[in-house]
Visitor: 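The structure follows.
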Amino acid sequence: MSGLYIHIPFCKQACSYCDFYFLTRQQLREPFVDSLVREIENSRGEGYTEEPVKTVYIGGGTPSLLTENQLSRIFDALRHVFDIQAEEVTMELNPDDVTIDYLRQLRNLGINRASMGVQSFHPEILQFMHRAHTREEAMRALDALQKTGFSTYTADLIYGNPGQTQEMLRRDIRQLLEYNPPHISAYSLTVEPNTRLGKQVDLGRISPPDDEEVSVHFDIVTEELGKAGLRQYEISNFAIPGKEAVHNSNYWRHENYIGFGPSAHSFHWDGHGAVRWKNKPDLKAYLEMDFSGIREDHEVLDLHSLAEERLMLGLRTVWGVNLERLKSRYGYELNSSQTEWIEIQSGAGNLVLNKYTLTLTKQGFRIADLLTVDLLSRN
Ligand code: SF4
C-alpha cells in the first residue's frame, strides 16, 4: 500500500474555477466526521488494510475547516485500522483558517506537510477567483508555517488568469519565493464547464487569455522557479531536491491508494489486475450509508488503457517511463510506428530515450500533451 486519501467536502465559499466536490453549508461537519470514522472503521478486514501506509493526504474541500478534535478522531480511526508508517502526512490548508496555534495542533497530530492554497497575492485576482482569503492572510499564513517549523510544505499558484499581466505573475512568484517554499505547485487556470467561471466564459462575460499568453506564463513560472533552485519534477510541480511530494508521485506511478469520504477515489492492484472505485459525490447519501455492503462501483481496469495512462502521467515527470516496466506490468509494447516516432522526436529535442527510460526534455515539457496524444495515437 502506498497512500490514504481523505476527502473533506466543506468550503467557506465556492471559488469560481473549482469543480471539486464540496458544500458551503457547514452544519453537517460533525455528522460527516461520524460517517467518515464509520467508513474507515468498516474497512477493517479488507485485504488492503494489511499493507503498510506510506503517505496520508487530507484534501478537499477545505480540511482546515475541521477542528483539532475532529481531525484527531479521524487519525485515531486511521491508526486503529491501518498500519500507518507514514513518511508524509499532508493536509491542505486555506490561508484564512491558519493560526500559529492551529498549525501547532496539526503538528501534534502527526501532520508533517502542509499544502497552502495561496493562488495569488493580487487582491483583484483573488477576488476574481472568489477566494475566501486576502493577500495579507496568505502572507501571514506562510509566515506562520515558518514560525511553527513546517519545513516541508507546498504552496499553490494559479497563472493564466484573465487580466493577469506577466509582471503581475512575476510579482506573485517573487512574493512567494520570499518565504523560501521547498515546493510549489503552479497550475494554469482551467475553465471547467460546471463552475461559475465556466458559465461566465460561456456567456462571453470573461475571456481567458489565449494559449500563447498562457504558454508565456508557463515559461515565466519554470524560469523563475528554476532560478530559485526549485526543480520542475512534474509539469505543474517544483521542488528543491528531496522535497518532491511522495503521495502525488505515487498516483502518477499507479501505486495503491485508498480514498475515504464523498467523491474519494481508490486504486488497488490485486492478484489479477488493477481495480478502481469511487465514493459518490453526495454528502447526504454518505451520511446515511452503513458502509457494510459490497461496493457496487468496482471497475476492473483494462491493462492497455492503464498503460496509456501510465505513459501520459509518467511523461509529465522528470522520471519519465520505463518501457521494460511498461511491458512487464501492463503487457504494453511500443510498435514500430511509435519507435520511429520516438527517434524523430529525439532528433527534434523533445524527448530522450536512455536505455529503457523515456523522458521528455524541457522543450518537450512545453508541449507534453500534444506529444503524448501523438505517441498514443500510433498504437
Ligand atoms: S477552497 Fe479549494 S476546494 Fe474549496 S472551492 Fe476553493 S478551490 Fe475548491
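Counting starts at 1 for both ligands and their atoms, following the listed order.
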Visitor: With heavy-atom distances below 4.0 Å as the criterion, list the atoms of ligand 1 near C18.
Guide: 3 (S), 5 (S), 7 (S), 8 (Fe)
Visitor: Mark up the atoms of ligand 1 that fall under 4.0 Å of a heavy atom belonging to N94, in ascending order.
Guide: 1 (S)
Visitor: Given Y233, which of F365, F238, W319 fulfils the ring-ring contact (aromatic ring centres under 6.0 Å, His included) condition?
Guide: W319
Visitor: Considering E92, Q13, R131, which one's heavy-atom position lies nearest to atom 2 (Fe) of ligand 1?
Guide: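 Among E92, Q13, R131, the closest heavy atom to atom 2 (Fe) of ligand 1 belongs to R131.
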Visitor: Atom 6 (Fe) of ligand 1 to C15: any N/O/S contact under 2.8 Å?
Guide: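 C15 does place an N, O or S atom closer than 2.8 Å to atom 6 (Fe) of ligand 1.
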Visitor: Enumerate the atoms of ligand 1 whose separation from the nearest heavy atom of G61 is less than 4.0 angstrom.
Guide: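 The atoms of ligand 1 under 4.0 Å from a heavy atom of G61 are 3 (S).
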Visitor: Mind checking whether H304 and Y332 have ring centres under 6.0 Å apart?
Guide: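 Yes - the distance between ring centres of H304 and Y332 falls below the 6.0 Å cut-off.
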Visitor: Under 4.0 Å from a heavy atom of T62: give me the atoms of ligand 1 that qualify, with their elements.
Guide: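 Result: 1 (S), 4 (Fe).
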Visitor: Angle class for the F32/F10 ring planes (parallel below 30°, perpendicular above 60°, tilted otherwise)?
Guide: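 Aromatic pair F32/F10 classed perpendicular.
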Visitor: For ligand 1, which atoms, with element, lie under 4.0 Å from some heavy atom of C11?
Guide: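 Listed by number with element, the hits are 1 (S), 3 (S), 4 (Fe), 5 (S).
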Visitor: Taking NZ, NE, NH1 and NH2 as the nitrogens, is one of them in E87 or R113 under 4.0 Å from a carboxylate oxygen of the other?
Guide: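 R113 and E87: not salt-bridged.
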Visitor: According to the interplanar angle, ranging from 0 to 90°, do the rings of H254 and W269 count as parallel (below 30°), tilted (30 to 60°) or perpendicular (above 60°)?
Guide: perpendicular
Visitor: Between the side chains of T195 and D19, does any donor sit under 3.5 Å from an acceptor?
Guide: no
